[in-house]
Amino acid sequence: LMHAVIKSGPKIPEGAEHNDQAYLLWIDQTLMAYAAAARRQKTTDFFSSAAQETGFSLEETKRIFGELLRLGPELLSFHLLCQELERLRP
């Protein structure tokens, strides 16, 4: 799922290196892409595109994303706030 969102981002880490800096950046970039889609009311497109890129079903894509949200809810809140501030900026 995250790989589908991050076309030009860092290489997805192999294995269970969840404390690896590249893995954390990967999560951050995915949540940032979701926040941008959410603020533009394009979450349906976001999930459809991610499902198509990964080959997962839409339901599986959303389930995986739910797990990602469990890992970084504060990070998502930060990116949603940034998107709102960007929208309000003159």
Side-chain angles (χ1 to χ4, degrees):
L1 170 65
M2 290 181 261
H3 185 60
V5 176
I6 307 168
K7 301 268 186 198
S8 60
K11 181 180 180 287
I12 299 171
E14 300 287 327
E17 302 111 9
H18 295 338
N19 292 324
D20 184 65
Q21 185 65 28
Y23 185 79
L24 297 175
L25 178 60
W26 188 48
I27 292 171
D28 179 59
Q29 289 179 339
T30 301
L31 292 175
M32 184 170 42
Y34 174 79
R39 288 296 178 200
R40 290 167 181 76
Q41 298 181 352
K42 301 282 185 183
T43 55
T44 303
D45 295 340
F46 172 84
F47 285 118
S48 295
S49 175
Q52 185 176 22
E53 289 288 325
T54 61
F56 293 140
S57 69
L58 187 58
E59 293 78 22
E60 180 69 4
T61 301
K62 289 179 179 180
R63 185 193 66 74
I64 293 169
F65 190 76
E67 291 177 14
L68 180 63
L69 288 179
R70 185 180 56 79
L71 294 174
E74 296 86 2
L75 191 55
L76 176 62
S77 297
F78 169 76
H79 285 302
L80 287 170
L81 178 61
C82 288
Q83 288 295 318
E84 186 65 15
L85 292 172
E86 181 179 312
R87 187 183 67 83
L88 296 173
R89 188 173 59 171

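All figures in this text were calculated on a predicted structure; none of them were measured in a lab.
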*asked:* Nearest 0.5 Å, please: how far is CD1 in I64 from NZ in K62?
replied: 13.0 Å

*Do the rings of F47 and Y34 sit parallel, tilted or perpendicular, given the 30° and 60° boundaries?*
tilted

*salt bridge (charged side-chain N to carboxylate O under 4.0 Å, His left out) with R63: which residues, sequence neighbours excluded?*
E60, E67

*How many angstroms lie between CG in L31 and CZ in F78, if you round to the nearest 0.5 Å?*
11.5 Å

*CG of L58 to CD of Q52: how many Å apart, nearest 0.5 Å?*
11.5 Å

_same_hphob_cluster(M32, L69) at 4.5 Å side-chain heavy-atom cutoff_ = no

*Can you tell me how far the OG atom of S48 sits from the NZ atom of K42, to the nearest 0.5 Å?*
11.5 Å

_Heavy-atom pair with the smallest gap, counting every atom of A38 and T43_ = CA-CG2, 3.5 Å

*Can you name the closest pair of heavy atoms from F46 and A37 and give their distance?*
CB-CB, 3.8 Å

_Any donor-acceptor pair under 3.5 Å from S49 side chain to D45 backbone_ = no

